[in-house]
2 protein chains.
Amino acid sequence: MSSVDTPTPEPGTRMRSGDRREQLLAAATAVFGERGYVGATTDAIARAAGVSQPYVVRTFGTKEALFLAVLGRALDRMLVAFRTALAADDPATSATARISAAYVELLSDRGLLLSLMHAFVLGSDPVIGAAAREGFLCVARFLREEAGLDPEEARAFLAYGMLLNTLVGVRMADLYETDAAARELLDAAMPTKIDLLLRIRDAEKR
Amino acid sequence: MSSVDTPTPEPGTRMRSGDRREQLLAAATAVFGERGYVGATTDAIARAAGVSQPYVVRTFGTKEALFLAVLGRALDRMLVAFRTALAADDPATSATARISAAYVELLSDRGLLLSLMHAFVLGSDPVIGAAAREGFLCVARFLREEAGLDPEEARAFLAYGMLLNTLVGVRMADLYETDAAARELLDAAMPTKIDLLLRIRDAEKR
DNA sequence: GTCTATAGGATGATAGAC
DNA sequence: GTCTATCATCCTATAGAC
């Protein structure tokens, strides 16, 4: 896991606090997405951001608070992307299709969807679980109330979203060229956006 | 997390090695399902099984090997359940419907689906990721080759399966009575089996 | 704002008795 | 087969200098 975003500044370089915070959140999102909440270490996040480990902890207070901030940022970005997609006047495509395209685009934000996914499977954790439930419901409410989907459409959207998350998390694209079942699955799940997925995969090959 | 399965035997009680192995796997499945691979400790698994921590490690060699054994057992049980459901001569229902019912029944096996889910989101791990990909593909191949689903049916089954896993993992049922969006979501996702989900939830309330 | 040094607590794994 | 004792490692968080 090398640095994230903007090239790592020289150690000790000062930065405006908002920028630094965003840089740390982006790095943390990538690392949490890859290793999960418990598996990600504050040290790995610090290295990804090019700062010291204690600084990461200092900035957010605790690792848990950092993860909650990552989740909040991920949810914000998702809803912004959805609202933007809905607002675009493209009468030819359905609301579901537009939101789906915006969802897939979120894959470019490294670790964003997977950090959420890791949170979703930690429902037993008193703090993270509560945040994860609220985040999931926030999306569900958006689909019903703002996007105007009916219950069945909302359920279908969420189901295919979870399948996409899972296929990305398990790195099924690693087998795209070598396994027929993997290829069929990815082609079925991402009819138009396979190229995006493979590009992201190759960018992450280390 | 108290003991699992059969009442905890007195410390030091000997057991036939096959039985003991199954007991440890059941306990490990529950703990891994709840806390994930990294978050689950061999100590918590040992306590859930009523044995000592070193014994758990000794029996499987490493925590990683234990997790792989849990995944293998989960996959075996899933495929057995699917094949049984297919074999039952119930011409009234489709293959998808019969397999779906069998899938939901797997929720009774505590932590089984969630342990798989935790593995699925750890695709970056060289060992666990490879096992997770193979496990997922194993199910996908079963759906296409043995169950006779077409690509779109298989994709739909997997998508709703991942949504179910996520709703269980995030413990959405905890909000069933208090949040309208949660209730609508669960009612849509589990039209017939809400009672099973709520029963399992209440059984796990500690 | 950011770093170095380090305390303090858990955790996976090993050794060896019974 | 199973336990007790213990080691070595890793990791979050704190203290304090610059």
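So that the names make sense, note that chain A is the first sequence line, chain B the second, and so on, each numbered from 1.
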Subject >> Footprint string (nucleotides 5-16 of chain D, 5' to 3'): B base within contact, S backbone only, - free, heavy atoms under 4.0 Å >> reply: B-----SBBBBB
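- Look at B:Thr59 and you won't find any side-chain N or O under 4.0 angstrom from OP1 or OP2 of D:dG1.
- For A:Arg141 and A:Glu134, the salt-bridge test passes: some basic side-chain N is under 4.0 Å from an acidic carboxylate O.
- A:Lys63 contributes a side-chain N or O that, together with a main-chain N or O of A:Tyr37, makes up a donor-acceptor pair within less than 3.5 Å.
- As rounded to whole Å, 16 Å separates atom P of C:dG1 from atom CD of A:Glu22.
- When rounded to the nearest whole Å, the span between CZ of B:Phe67 and C1' of C:dG12 equals 16 Å.
- As rounded to whole Å, 11 Å separates atom P of D:dG1 from atom CZ of B:Arg21.
- Side chain to side chain, A:Arg73 and A:Thr29 meet the donor-acceptor criterion of an N or O pair below 3.5 Å.
- A distance of 12.0 Å separates CZ of A:Phe67 from CG of A:Leu25, quoted to the nearest 0.5 Å.
- Here CG of B:Leu196 is found 6.0 Å from CG of B:Leu107. Values are rounded to the nearest 0.5 Å.
- When only modelled atom types and interatomic distance are considered, A:Ser124 and B:Arg171 share a side-chain donor-acceptor pair under 3.5 Å.
- Taking atom CZ on A:Arg20 and atom C1' on C:dC3, their separation rounds to 11 Å, with Å as the unit.
- Separating the CZ atom of B:Arg47 from the C1' atom of D:dT4 is a distance of 16 Å, rounded to the nearest angstrom.
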